[in-house]
Amino acid sequence: MVKHDTKPAEAPPDERRELTFGKVWNYAPAPESTDHFAIAERYGLFVGGEFKKPKSGEYFATINPATEQPLAEIAQAGDADVAAAVSAARSAFPAWSKLPGDERARYLYRIARILLERAREFACLETLDNGKPIRETRDVDVPLAAQHFFYYAGWADKLDLAFPGARPRPLGVVGQVIPWNFPLLMAAWKIAPALACGNTVVLKPAETSPLTALRLAEVCQQAGLPPGVVNIVTGDGRTGQALVRHQDLAKVAFTGSTEVGKEIQRAVAGRGVELTLELGGKAAHLVFEDAAIDQAVEGVVRGIFFNQGHVCCAGSRLLVQESIHDLLVDKLKARMQRIRVGDPMDKNTDMGAIHSKAQLQRIRELVAAGEAEGACLHQATCALPGKGFWFPPSVFTGVASSHRIAREEVFGPVLAVQTFRTPEEAVEKANNTSYGLSAGIWTDKGARILWLAERMKAGVVWNNTFNRFDAAAPFGGYKESGFGREGGRQGLRAYLRFDGALQPG
Ligand code: TAP
């Protein structure tokens, strides 16, 4: 049995009390398990290597979306708190950036290893705070987060080799703002490459899912990361606003909605601040008549119902070749009926809770619009829990390109089905969107895959699979899905400037 102590070693007594007296949770799904972890009643801000009370004195609750039960009180960082975090990151930058790459790497490897050692704790915490099924946090979110730290640790002493002749240099203090759909994974996507390149960071997690970022702060302490290299400021959109507007940032990295991304672009304009934006999506998922149909159905299900559809690259527009439309839709309806919706902490659950009341309202609004505009709604019949936020797996057929459900990001378990006859028409319909994050193709013909992939305006194109991620693979969008790449060697570029004669290609 591994019993984890969440107490930070050097926190002053009053802060320590806040971090040690909390609810104790047994790991699900084994009620007899004595393997447990604590959630503090209150969390402070992680600034300069310590948890501190917010100068604002304000806290808000984070809740379990599957039960609506409060989990903990979270500090609301105001302008002065954000300024203190940026100042801590500035103070830490000279020493951290001068550390030899292999020494920086050691910290990243340590963080990765601790994440894996504490994987069950992180998986449970993420599921409680986010509502996503434990199977996904256990098998996807936590291992991938650790993989990002391992992967970028490997690059930390090879930056000159990654960009020969370009003399890569760190940027300075990076402000990072992330969304609620993959809280730990998005934190890892942001922090790992930034640190590997020698930057220091201030990260703001989403208001509704801050717990795993705060636990990651504890991992940074456990790994002995120098104070100030990573700072975590919690709060709502005002905290994000204060962070991206801070004058001492060298770079802003944002993942979230296109609407907020545009606002941030305006906020940093003219300040000489580097910016990367990972925004929304409305991915086309193409199925041709020669595809392995049962595998394609599994891919479609994974494409839209994984993480309750709260996925920026979700395959939310299914484009089916006309000749197999009825067959595929029938198979899809039958498959949807077997999706188990319910307690996210049950390892047999396929689809958990919708993340928040606000998101549930947004999904309901768009589904009502789909019906009002004349599309045909099919929903799996399943008993939904009485408490919490829930929505059944849903598919619209008879969708026109002008319908809101075909144009707007639902960010929920709602699929819009359209048809095409020729590959040219498929490409035209796939690209008929203001987004350009991802796409999927199911066909037996390799030549067709290459022909389509060249023509699709999407950052990622999956072939005969969907929603597969790897730290070595770059990820990012075109058009209103943003710019810049995360993951892979390309993910380093966003955190470096280049002083050499040769600029990276
Ligand atoms: P947003 O509402 O845009 O929020 C994202 C983050 O920005 C949150 O931490 C939010 O704080 C903060 N924020 C809100 N207003 C801000 C402002 N004016 N200035 C600075 N920060 C601000 O998105 P969301 O609802 O959390 O996430 C869903 C969206 O993220 C979807 O559109 C999805 O497609 C996109 N997303 C994209 C990707 C990639 S890789 N492209 C990955 C995941 C999600 P609060 O939490 O307090 O509002």
Side-chain angles (χ1 to χ4, degrees), residues 58 60-62 74-77 79 82 129-130 132 141 144 148 175-190 202-211 213 232-246 249 252-268 275-283 306-316 354-363 366 408-412 433-438 458-460 467 469 473-487 491 494:
E58 286 176 40
F60 60 92
T62 184
I74 305 296
Q76 167 72 39
D79 290 1
V82 169
D129 203 19
N130 178 280
K132 61 171 74 188
D141 298 56
L144 267 180
H148 269 263
Q176 305 179 317
V177 181
I178 57 171
W180 45 260
N181 58 338
F182 291 93
L184 176 67
L185 187 57
M186 289 298 110
W189 277 30
K190 293 275 179 281
V202 179
L203 176 119
K204 189 201 96 66
E207 178 189 359
T208 49
S209 59
L211 290 182
I232 312 275
V233 287
T234 47
D236 58 19
R238 291 170 297 168
T239 307
Q241 237 171 7
L243 178 58
V244 301
R245 288 182 183 171
H246 199 286
L249 297 185
V252 169
F254 173 75
T255 297
S257 62
T258 295
E259 190 188 356
V260 174
K262 287 179 181 176
E263 196 181 320
I264 290 176
Q265 200 168 11
R266 286 192 288 273
V268 304
L275 178 65
T276 42
L277 297 176
E278 299 279 2
L279 309 177
K282 192 73 191 174
F306 169 63
N307 200 28
Q308 296 73 246
H310 301 328
V311 183
C312 50
C313 51
S316 53
I354 297 302
H355 177 63
S356 66
K357 195 173 182 178
Q359 190 57 31
L360 182 58
Q361 274 162 359
R362 160 99 183 142
I363 294 168
L366 279 165
E408 296 181 32
E409 187 180 37
V410 181
F411 221 56
T433 168
S434 56
Y435 295 109
L437 192 56
S438 64
V460 180
N467 271 343
F469 307 97
F475 187 91
Y478 294 104
K479 301 194 278 184
E480 295 206 359
S481 291
F483 48 81
R485 294 291 177 266
E486 290 188 309

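None of the values given here were measured: they were computed from a predicted structure. Note that ligands are numbered from 1 as they come in the structure, with each ligand's atoms numbered from 1 the same way.
For ligand 1 and Ile264, the ligand atoms under 4.0 Å from any heavy atom of the residue are 20 (C). Within ligand 1, the atoms closer than 4.0 Å to a non-hydrogen atom of Val177 are 6 (C), 7 (O), 9 (O), 12 (C), 21 (N), numbered from 1 in the order shown. Using a 4.0 Å cut-off to heavy atoms of Cys312, the atoms of ligand 1 that qualify are 33 (C), 34 (O), 36 (N), 37 (C), 38 (C), 39 (C), 40 (S), 41 (N), 42 (C), 43 (C), 44 (C). Ligand 1 places these atoms under 4.0 Å from at least one heavy atom of Leu437: 41 (N). Interface atoms of ligand 1 facing Glu263, defined by a heavy-atom separation under 4.0 Å, are 18 (N). Within the listing of ligand 1, atoms 43 (C), 44 (C) sit less than 4.0 angstrom from a heavy atom of Asn181.
Remark: the backbone N or O of Pro474 is not paired with any side-chain donor or acceptor of Glu486 at under 3.5 angstrom. Panel note: side chain His148, backbone Ala188; no donor-acceptor pair is recorded below 3.5 Å. Judged by distance alone, with hydrogens and angles left aside, the side-chain atoms of Thr234 form no donor-acceptor pair with the main-chain N or O of Pro210 at under 3.5 Å. Between the side chain of Ser481 and the backbone N or O of Leu279, no donor-acceptor pair lies under 3.5 Å. Side-chain atoms of Arg485 come within 3.5 Å of backbone N or O of Gly477 as a donor-acceptor pair.
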Kindly determine whether Glu263 and Gln241 satisfy side-chain hydrogen bond (donor to acceptor under 3.5 Å, both in side chains), including the steps that lead there.
CA-CA 9 Å; Glu263 196 181 320; Gln241 237 171 7; 3.1 Å; yes
Using the side-chain hydrogen bond (donor to acceptor under 3.5 Å, both in side chains) rule, take Thr62 and Asp129 through it: C-alpha gap first, then chi angles, then the decisive distance, then the call.
CA-CA 7 Å; Thr62 184; Asp129 203 19; 2.7 Å; yes
Decide yes or no on side-chain contact (heavy atoms from CB on, under 4.5 Å) for Val82 and Val202, but give the supporting numbers first.
CA-CA 8 Å; Val82 169; Val202 179; 5.6 Å; no
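Annotation: atom 2 (O) of ligand 1 to nearest protein heavy atom, Ser257 OG, 3.9 Å. The single protein non-hydrogen atom nearest to atom 16 (C) of ligand 1 is Val260 CG1, 3.4 Å, given as residue, atom name and distance. Given atom 11 (O) of ligand 1, the protein heavy atom at minimum distance is Lys204 NZ, 3.1 Å. Annotation: atom 46 (O) of ligand 1 to nearest protein heavy atom, Glu207 N, 2.9 Å. Looking from atom 27 (O) of ligand 1 to the surrounding protein, the closest heavy atom is Pro179 CB, 3.3 Å. Here the heavy atom of the protein found nearest to atom 37 (C) of ligand 1 is Leu279 O, 3.0 Å. Nearest non-hydrogen protein atom to atom 14 (C) of ligand 1 is Gly237 CA, 3.6 Å. The single protein non-hydrogen atom nearest to atom 9 (O) of ligand 1 is Ile178 O, 2.8 Å, given as residue, atom name and distance.
Geometrically, ligand 1 and Trp180 share a nitrogen or oxygen pair separated by less than 3.5 Å. On a distance-only criterion, Glu409 and ligand 1 share at least one N/O pair closer than 3.5 Å.
Compare Trp189, Phe60, Phe411 by their heavy atoms: the one nearest to atom 28 (C) of ligand 1 is in Phe411. One option in Gly477, Gly235, Gly240 has a heavy atom closer to atom 21 (N) of ligand 1 than any other, and that option is Gly240. For the residues Gly280, Gly256, Gly487, the heavy atom positioned nearest atom 35 (C) of ligand 1 is part of Gly256.
Between Phe475 and Trp189, the ring planes lie perpendicular to each other; the angle is over 60°, past the 30° to 60° tilted range.
Here the straight-line distance linking atom CD1 of Ile264 with atom CG of Leu275 works out to 7.5 Å at 0.5 Å rounding.
Within the 4.0 angstrom cut-off, atom 4 (O) of ligand 1 has no protein heavy-atom neighbours.
Using a 4.5 Å cut-off on side-chain heavy atoms (C-beta onward), Glu207 and Gln76 make no contact. Glu408 is not listed as a side-chain neighbour of Lys282, based on a closest heavy-atom distance of 4.5 Å or more.
Using a 4.0 Å cutoff on heavy atoms, Thr208 does not count as a contact of ligand 1. Not a single heavy atom of Phe182 sits under 4.0 Å from any atom of ligand 1. The closest approach between a heavy atom of Pro205 and any atom of ligand 1 is below 4.0 Å.
Judged by distance alone, the side chains of Thr208 and His355 do bring a donor and an acceptor atom under 3.5 Å apart.
Looking at Arg238 and Asp79, no side-chain N of the basic residue comes within less than 4.0 Å of a carboxylate O on the acidic one, giving no salt bridge.
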